[in-house]
Number of protein chains: 2
Amino acid sequence: MIRAEAADMPDDSALKTPDRLRRRASRLLSQLTTRSDRLITEGLAGADARKWHYAVLTSLQEHGPASQAELSRRSGIYRSDMVGVLNELAERDLVERAPDPDDRRRNIITISTRGRRHLRRLDKVLDDLHDELLAPLSPAERDQFVQLLTRLLDHHTRTS
Amino acid sequence: MIRAEAADMPDDSALKTPDRLRRRASRLLSQLTTRSDRLITEGLAGADARKWHYAVLTSLQEHGPASQAELSRRSGIYRSDMVGVLNELAERDLVERAPDPDDRRRNIITISTRGRRHLRRLDKVLDDLHDELLAPLSPAERDQFVQLLTRLLDHHTRTS
DNA sequence: TCCATTGCGTTAGTCCGACTAACGATGTAC
DNA sequence: GTACATCGTTAGTCGGACTAACGCAATGGA
């Protein structure tokens, strides 16, 4: 019995590095992101918002008005999806879409006063959600976590 | 002109915390994971494997044979998806599926010799891919990154 | 001993997010 | 003027997470 099943038992290399699976950064990332996304999506739903709304509104507030294509580049949202996001934001009077007189291919998107107010609310919601997301970490660790993520993401956006 | 557009310009609160969007951990996580997943998926495709193959094989090697449901719990793969993954692994003779004599509802999944060999190859592939994924980080930073991710994921699996 | 409940493997199908293709209209470079 | 690029938009693909429901087998009380 013991001998017959030996081949199925954990071997030395496994014992040397136990839980290899759980230590793979790629796997940790995707599993954590699944949970993070769910948390954020559900939290924002309570404020009649989606994460792209926040991305677009923040970008508009921080960097000023922009075309849809420019917003795509800033936020990483595909320009084909941007259409729908801006429809949702315009429906709610959070942004304004106006043709660019200097380039008639473009729309200029501008955040509205209402949009600013909404963004302030979303920022609070997201602060709370991130508190929940990062609960186990100390403030210093949270900073470090964000820093590490930023460096990794920067590296992989440069090299692609 | 200046006064008319003032409402559209970045305001003080934005200047105090620039690039708020890029600092949100949730956003960093999802964007980085998108890239990480693509990297891993493409890398494993070159070895005729998918990430679940690795998850299942590793689990079998480290913790021994198990039922499909047990593997689901270990790896986080839904039991409805596990069926297909095990079909792929069995097709390639990397695992064996045998009915459990003690509980006829169960299949007992065992890793094969061929499966062990394949897993060793996958481990090397993944080592390289993670080198690429974590390239900007020092060894100490990589450990820390994995540690932070692990703590976060543990917290969110306990509390769900 | 019957019955209700639970867990198993499996099939089918939903939902959503990332991504591609192609369009007409407009702008730019040679 | 002609070729090419960019813009907003529509439609659709693809893959991954997840749900529902099935028949079957085991379990644990009344």
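Below, all heavy atoms of this structure are taken into account, side chains as well, without hydrogens, waters or symmetry copies. Order of the sequence lines sets the chain letters (A, B, ...), proteins ahead of strands, with each chain counted from 1. Just so you know, these numbers come straight off a predicted model, no measurement behind them.
With sequence neighbours excluded, the residues forming a side chain to side chain contact (heavy atoms under 4.5 Å, CB included) with A/L122 are A/L44, A/A47, A/A49, A/Y54, A/L57, A/H118, listed by chain and number. For B/E96, the salt bridge (Lys or Arg N to Asp or Glu O under 4.0 Å) criterion is met by no residue, not counting sequence neighbours. Listed by chain and residue number, A/T159, B/A135, B/P136 satisfy the side chain to side chain contact (heavy atoms under 4.5 Å, CB included) test with A/H155 (two or more places apart in sequence, or in another chain). The salt bridge (Lys or Arg N to Asp or Glu O under 4.0 Å) search around B/D100 returns none, not counting sequence neighbours.
Near DNA chain C, defined here as any heavy-atom distance below 4.0 Å, the residues from residues 83-101 of chain B are B/V83, B/R97, listed numerically.
Cluster membership check: A/L39 shares its hydrophobic cluster with A/V125, using side-chain heavy-atom separations under 4.5 Å among Ile, Leu, Val, Met, Phe, Trp and Tyr.
Nucleic acid contact for A/R35: none, since no nucleic acid atom lies under 4.0 Å from a heavy atom of the residue.
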Short heteroatom pairs, N/O only, protein and nucleotides 19-21 of chain C, under 3.5 Å:
from, atom 1, to, atom 2, distance (Å)
C/dC19, OP1, B/R38, NH1, 2.1
C/dC19, OP1, B/R38, NH2, 3.4
C/dC19, OP2, A/Y78, OH, 3.3
C/dC19, O5', A/Y78, OH, 3.0
C/dC19, N4, A/D81, OD1, 3.1
C/dT20, O4, A/S80, OG, 2.8

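Taking side-chain N and O atoms only, A/Q68 has no distance below 4.0 Å to OP1 or OP2 of D/dC7. OP1 or OP2 of D/dG16 sits under 4.0 Å from a side-chain N or O of B/R50. For A/W52, a side-chain nitrogen or oxygen approaches OP1 or OP2 of C/dA18 to under 4.0 Å. Of the side-chain N and O atoms in B/R104, none sit less than 4.0 angstrom from OP1 or OP2 of D/dG23.
When rounded to the nearest whole Å, the span between CZ of B/R105 and P of C/dC8 equals 6 Å. B/L32 has its CG atom 14 Å from the P atom of C/dA18, to the nearest Å. We find that CE of B/M82 is positioned 15 Å from P of C/dT11, with the value rounded to whole Å. If you take NZ of A/K51 and P of C/dG17, they are 6 Å apart, rounded to a whole angstrom. Taking atom CD1 on A/I40 and atom P on C/dC16, their separation rounds to 18 Å, with Å as the unit. One atom, CG of A/N107, and another, C1' of C/dA25, lie 12 Å apart when rounded to the nearest Å. Note: CD1 (A/I108) to C1' (D/dT6) measures 16 Å, nearest angstrom. The distance from atom CG of B/D103 to atom P of C/dC8 is 8 Å, rounded to the nearest whole Å.
Within the 4.5 Å cutoff, no side-chain heavy atoms of A/W52 are placed close to those of A/D81.
Salt-bridge check for B/E70 with B/R74: passed, with a basic side-chain N closer than 4.0 Å to an acidic carboxylate O. For B/D127 and A/R24, the salt-bridge test passes: some basic side-chain N is under 4.0 Å from an acidic carboxylate O.
Counting only distance, with no hydrogens or angles, the side chain of B/H156 and the backbone of A/L133 share a donor-acceptor pair below 3.5 Å.
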